[in-house]
Each structure stands twice: as structure tokens, then as C-alpha cells.
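A quick write-up on the structure given underneath.
Residue numbers start at 1 and run along the sequence shown. Computed over heavy atoms, backbone and side chain alike; hydrogens, waters and symmetry mates excluded.
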Amino acid sequence: MEKHIRLLDCTLRDGGHIVQGNFGEIVIRNIIERLVEAGIDIIEVGFLWNQLCGTDIARYFSISDVKRILPDNHGCSKFSLMADFIDLEHLEPCDGTIEIIRLSFKRWRLDWGLKTAQILMDKGYKVFINPVNNNVYTDQQYIEVLQKVNKLHPYGFAIVDTFGVMRISDLLHRYYLVENNLSKDITIGFHLHENMGLAYSLAQCIIQNASPKRKIVVDGSLLGMGRVPGNLCIEQIVDYLNDQHGTDYAIEPIYDAIDDYIAPIKAKHPWGYAIPYALSAKYYLHRTYAEYLAGKNRLKTKDIQRILAQIPSSEAETYNEEYISKLYYDYMNVVYNDKSDKTQLGKEIGMYDRILVVAPGESIKSCLKTIIEAVDEKTAVISVNFNLEFDGLESDYIFLTNTKRYDAIKDRKTQNKLIITSNLVRDIEKRDYTVSYNDLVYFGDDYCDDSTLMLINLLSKIGVKEINFAGFDGRKNGAMGFFKQSFDRNERKPANGAKIKTILGSVFKDISKVFITESEYR
């Protein structure tokens, strides 16, 4: 007899998003064996795919393709697969190897889900209907889906919190809606995400509140492995069920699987709670919007929140890169009349014989003596997004394009002057000069927001004809760890070195460029 509450591990399927399913055949086998040893009720061994993917990848074209990685002795564990909008008419009839197939689909593909479910049920499979993004349905729309599911009468139906938006009240509301409108002999599943760090609490809530007459399946994965920010940690819910509900899952094989296979992956490809994904959940948005903005590496969390808050519900469900790009550019392009600032800055810079632009590259450290020797009282030293403070070498000006860098320089003791781009005026009151962001990121028809390139553009516009460079090295630009300031460890290199080279050689061909330190842009 099936248990009232069962656990489904989706490490090899959902966790596969982290490594594109490429765990390696030996690791796939060993993870399954550990989960079987732990007594996990259902083990989802990967995705059904529309082609053969190779023996190292947890994606399978057919059942015969799956059999090679399944253990002979699977104890009480059952095996499942998931499919997402592919043709499955070719699939072999169920022979008991894979008992359960779960169908995942967006709301406009409901017909595909129901049609494919019928095909699979006719082949003898137990089918789970998993419509993603449960929050995008109104109550009435969800009831209409449930009515169609009742007519089909599959094995299970899952509440899937794709965007990780549910709090306890949301989960209970959706559960009671399903409980009271779904046929009583259809299993209810739950797939929870960690956007707001609530998956474990939500899982406990549903276990405590689910009807004892209804069969329940709760998804989890080893160490919460899954597309960032991840899933419910199966080791947590196993421990909870053993402690509070008297189940007898073996926890040590799960810990072994984590130590041996999952923790090393997480060290290279981290997942877990992160504020940008919490914000995407807060505003009921596709997670990739937050990913796009976090990837800019020049926005603070409050900037990300301000931009995400502008996305309307019509753009929330499906990621639209063109739309979020425009919001980002509009946010950065604060209109500012910088004519007087440029005029005054031009007069000041014109009083110096030489200009030295210092970008935050590792070559500063190795060539510090050379840089110091190149500077005298007639040299204007302009550092990019950091405050240059070495014995015998200080910034005369700091050119700041990035609000994330302001905290590191705002309490500086030196008497240098601050030049900011207009996207920072919302948050920085004390500055000496403000220049238009939008005026500096376009180079003819090309857009590039590399900060050093923006500074060159500014200097060109105020009449500078020769620039000396240090640290603008291309290969290591952004590796800031040797400075006193604390910066992101994952600071990125310039996104497009080839584009920077092209702009330097064409747009600024009339500016004499002298590289004091090694550089790919020489």
C-alpha cells in the first residue's frame, strides 16, 4: 500500500540544469544507488529528450536508454522521468522499469500536456500533470484546468511554484483549491523553489495540513541542487519526516551522495538563496530578469529592485530580454545637462601636461614602481571606479560609473575629485562633476559600457589628445583583490575585448595612447 506522504528526488533531472545533465554515467549510477539505499520513494532519473544524448547525460530518448543506469535491486524505490513539450509517441509501453512520467508545460501548452498524458496512460504509465507557474493562473483558470485533469484522470497533479513566489498563505490557498476540486484518488504533488528561502517551511506546512485521505508527493533534491536558486533540500525533509512522522529513510547514504558528488559541483557552480531571485519572486517575475540584472555587475540590490518593480504582469511570465534591456538602459540613462560640468572639467584637465588613466587591472600591482616613476606634479591621475592610494601615487580624480563601488570610496581621506556618470545621481550627492551616462556609452553605432572606454570618451569630448594607461590590461581587468577595498570575487572581465579594441582603433584613432603596463589593447 502506498504511503500517505512520499518523497520524490529530482536531483538528476532538476539538478541537471546546473550541469546540462552531464553528471557522468558513473555518478548518475551512484547517485541512484545512494537514493535507493536511503529508501527514497520515487527517484526521477532525468529528462525524456527528443534525441540520444550520450551515456554521461541524464537525458534519455527511450526507456531502453534508461535501463543501463538503473540498479538491479531498487528496493522500495520507484523510478520516474519528466518530459517538457516533446513528442513521446515513440516511447515503449511501460514494462515497470519506469513507472511514472511527469509532464511539465506552460499554460498555453495544456492541450499538449493532456494529449501526451493520454498517449502515455494508454502505454501503461502513471502520469503526473505538472503545469508550471501555478501563480499565473487565477482561481477560476486553475479550477478549469483541474476539471480537464479530472476528465483525463491521471495518476497525479502537481502544484509547481516555478517562480518561488509562494508564502504559506499562498500555498495553503492553492492546496485547498486543488484538494476540493481534484478527484480524491489523484495524487497531489508539490515542487517548491528557494527564491525566498521558504521551501523547507512550505514543505513542513503542507505535510502538516494535507488531508490524511489524500496521497501526497513532495519533491526535493540533494543539497537543493537545481536551477538557481534551487529546490527543497531532500536531506532536510527526510530528517523532518523521520523525526516528526516516524518514517525510516536512511540519512547516511544521502549525506554520502552529497559529499561525494553534489558538494563538489556546488563548489564550482553555486546555487542557493540569493536576493536578486528573492526579488524576482517578490514581483512574480521570471527568474531570468533578476539574472540579467545581477549579471551587469554594476547594480546594487536596490537598483535591481527598482528595475524589477517596473516590469508589468504582461511581461512577467515569459522572459523578454529586449524588454529588460530597455528598462536597464532607461534606468542607467538619467537625463542630465552636463555642459557646464564638461566645460569646467576641460579647463582643469587642460592645466596638466599629461593624463594617466588607471583602470583596476592586476598589472598595477606588478608594475607599481614603473607607474609611480611615470607620474609627476604635471600629471593628472584619473582612476576608474576605485580610489588609488599607494605611497607616492594617488588619484587626482575618480571616475565612477558603478554604484556598487561608491561605498568603498565615499569615506576617502584624500582630496581627489569625484566625477560620476548621471546614472548615479539618485544615490550620490557629494560629487564634483556629473556627466551624461548615455553620452558616453555610444561610440558611433556601437554600445559599450566598459567604464574605462567611457572615460576615454569623456576625455576625448573635452579635448584631450593623448592618454597614458595603467591597469587597462584586458585579460585581468577587474581583478581587484590586491586593493584595500572589498570587491566582488566574481568581478567580470570586459564583456567584449574585441569590441573595445575596435573602438580604440577606430573611434579614438586620433588620440595618442601610451600603455605603461602590459595590455591586450596596446
Count the heavy atoms of every other residue, nucleotide or ligand shown that sit under 6.0 Å from CD of Glu252, and state whether that count exceeds 12.
-> no
Would you please say whether a donor-acceptor pair under 3.5 Å links the side chains of Asn130 and Ser104?
-> no
Heavy-atom pair of closest approach, residues Ala210 and Ile216 = CB-CG1, 3.7 Å
Is a side-chain N or O of Asn333 found less than 3.5 angstrom from the main chain of Tyr329, in a donor-acceptor match?
-> no
Taking atom types as modelled, find out whether Tyr249 and Asp41 have a side-chain donor-acceptor pair closer than 3.5 angstrom.
-> yes
Would you check if the side chain of Thr403 reaches a backbone N or O of Leu424 as a donor-acceptor pair within less than 3.5 Å?
-> no
Checking Asp56 side chain against Glu25 main chain: does a donor-acceptor pair fall under 3.5 Å?
-> yes
Salt bridge check: are Arg102 and Asp219 linked by an N-O gap of less than 4.0 Å?
-> yes
Measure from NZ or CZ of Arg426 to the centre of the six-membered ring of Tyr331, then state whether that distance is under 6.0 Å and the direction lies within 45° of the axis.
-> yes
Can Arg306 and Asp303 be counted as an ion pair, charged N to O under 4.0 angstrom?
-> yes
What distance do Glu235 atom CD and Tyr255 atom OH have between them, rounded to the nearest 0.5 Å?
-> 7.0 Å
Would you tell me whether His191 and Asp161 have side-chain atoms, one donor and one acceptor, within less than 3.5 Å of each other?
-> no
Give the minimum heavy-atom separation between Ala250 and Pro253, together with the two atoms involved.
-> O-CD, 3.5 Å
Return yes if a side-chain donor-acceptor contact under 3.5 Å exists between Glu179 and Tyr175, otherwise no.
-> yes
Is the side chain of Thr162 donor-acceptor paired with the backbone N or O of Asn133 at a distance under 3.5 Å, no angle test?
-> yes
Residues Asn135 and Tyr284: side-chain donor-acceptor under 3.5 angstrom = no
Within residues 4-27 or reaching into it, pairs that qualify as ring pair (Phe, Tyr, Trp, His ring centres under 6.0 Å) - sequence neighbours excluded = His17-Phe47
Which of these, Trp112, Trp108, Trp49, sits in a ring-ring contact (aromatic ring centres under 6.0 Å, His included) with Phe85?
-> Trp112
Charged N-O contact under 4.0 Å between Asp185 and Arg214 | no
For Leu91 against Ser62, the heavy-atom pair lying closest together = CD1-CA, 4.0 Å
Give a yes or no on whether the backbone of Ile186 and the side-chain of Ser183 come within a donor-acceptor separation of less than 3.5 Å.
-> no
No-hydrogen, no-angle side-chain donor-acceptor test under 3.5 Å, Asn385 and Ser451 | yes
Pair His286, Thr288: side-chain N/O donor-acceptor within cut-off below 3.5 Å | yes
Tyr283 and Tyr289 aromatic centres sub-6.0 Å = no
Closest non-hydrogen atom pair between Asp9 and Ser221, with its separation | OD2-CA, 3.5 Å
Are side-chain N/O atoms of Tyr142 and Asn134 paired as donor and acceptor at under 3.5 Å?
-> no
Mark yes when over 12 heavy atoms from residues, nucleotides or ligands other than Lys184 sit less than 6.0 Å from its NZ; otherwise mark no.
-> yes
